Amino acid sequence: MSRSYSDIGDKQLPGIDRNAVDRFFAERAEKIHAIGPLHAVIYQDKNAELARCRDLAEKAKLLPLLQLNGSQRVLDVGCGTGRWAQELVPRSAWYHGIDACEGLIEYARGQFSAMENCALSVASADDFSLASIHESAAFDRVLCAGVLIYLNEVEVRRAIRNIAEVLAPGGFALFREPAGLGRRLTISEHFSEEMGQDYNAIYRTREELGTLIDDEMPGPHFRLVGHGEVYDEAELNNRSDTRQLWLLVERTA
Ligand SMILES: C[S@@+](CC[C@H](N)C(=O)[O-])C[C@H]1O[C@@H](n2cnc3c(N)ncnc32)[C@H](O)[C@@H]1O
């Protein structure tokens with residue numbers, strides 16, 4: 001088990017084991033019947049009220065940023081159980097959720113596949129294109145909530161590039177990420193008592209996330225139009241060294 005902190009400019013950045021991440025989410029999917037679809041993706045297995053309040057606060061903050069009017073094509077990268085699909089499917093012309101975890105997509109299909117304007121596919125953020133998910137038109141909105149944290153350096157760059165490539169001119173990509181406060185925190189093979197599972201994740205700093213986005217979604221075609229903290233209420237942050245952030249990128253041309 002390890003928790004390591006790194007600083008910008010460190011030559012060697014610790015990584016995480018992608019197979020362990022895949023196992024973690026496969027186990028979350030197997031537990032849905034016991035923990036429910038919200039905890040499967042938001043965690044806080046022993047604090048139902050915190051999970052519920054975080055879900056509501058995040059949606060209240062982020063939904064207006066997406067400026068949906070029912071005419072847009074929306075891609076939800078790492079959609080999990082469809083926590084966001086609940087909000088996005090009724091507000092979109094077309095919603096497509098992709099996730100690397102087959103079990104989570106299977107659950108989401110059970111909930112949403114009867115809706116005519118909705119598709120759900122197994123695909124990895126760092127390895128997809130419009131063609132690979134059987135789409136012929138770019139997306140007006142891309143939401144990527146809590147996913148980059150599970151990707152190593154090369155993979156996270158590929159994921160952001162893939163999102164840039166499927167975003168239509170005039171469209172917006174909204175990232176919601178847990179971030180390290182001041183220092184990057186890497187959690188590797190840490191047994192979480194609360195979840196009863198091994199956990200792996202990289203909490204990049206706001207600066208690191210900004211640099212990754214600047215590099216992979218460069219001007220003049222892309223520009224960061226806003227960023228901030230997701231939770232206004234201090235009690236929704238139960239860790240002193242991380243915060244939930246949002247970053248909104250516009251594709252201008
Ligand atoms: C913290 S959950 C968030 C789920 C959803 N975005 C939400 O906000 O409710 C992280 C999700 O990312 C997915 N995920 C992890 N690595 C991924 C990857 N490489 N490509 C696509 N999805 C991935 C997981 O399976 C899981 O559904």
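In what follows, every heavy atom counts, from backbone to side chain, and hydrogens, waters and symmetry copies are set aside. In each ligand, atom 1 is the first atom listed, and ligand 1 is the first ligand listed. Nothing here was measured: the structure is a model prediction, and the numbers come from that model.
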- prompt: Do Glu216 and Arg161 sit within salt-bridge range, that is, some charged N less than 4.0 Å from a carboxylate O?
  reply: yes
- prompt: Does a sphere of radius 6.0 Å around CD in Glu87 hold more than 12 heavy atoms from other residues, nucleotides or ligands, not counting ones at 6.0 Å or beyond?
  reply: yes
query: Do Val89 and Leu62 belong together in a cluster built from hydrophobic side chains that touch within less than 4.5 Å?
result: yes
- prompt: If you measure only the distance, is there a donor-acceptor pair under 3.5 Å linking the side chains of Tyr5 and Asp241?
  reply: yes
message: For ligand 1, give me the residues whose heavy-atom distance to it is below 4.0 Å, by chain and number please.
response: Arg18, Phe25, Val41, Tyr43, Gly78, Cys79, Gly80, Arg83, Trp84, Asp99, Ala100, Cys101, Leu104, Ala123, Ser124, Ala125, Asp126, Ala145, Gly146, Val147, Tyr150, Leu151, Arg176
query: So does Arg23 pair up with Glu30, basic N to acidic O under 4.0 Å?
result: no
- prompt: With sequence neighbours excluded, what pairs up with Tyr199 under the side-chain hydrogen bond (donor to acceptor under 3.5 Å, both in side chains) test?
  reply: Tyr150
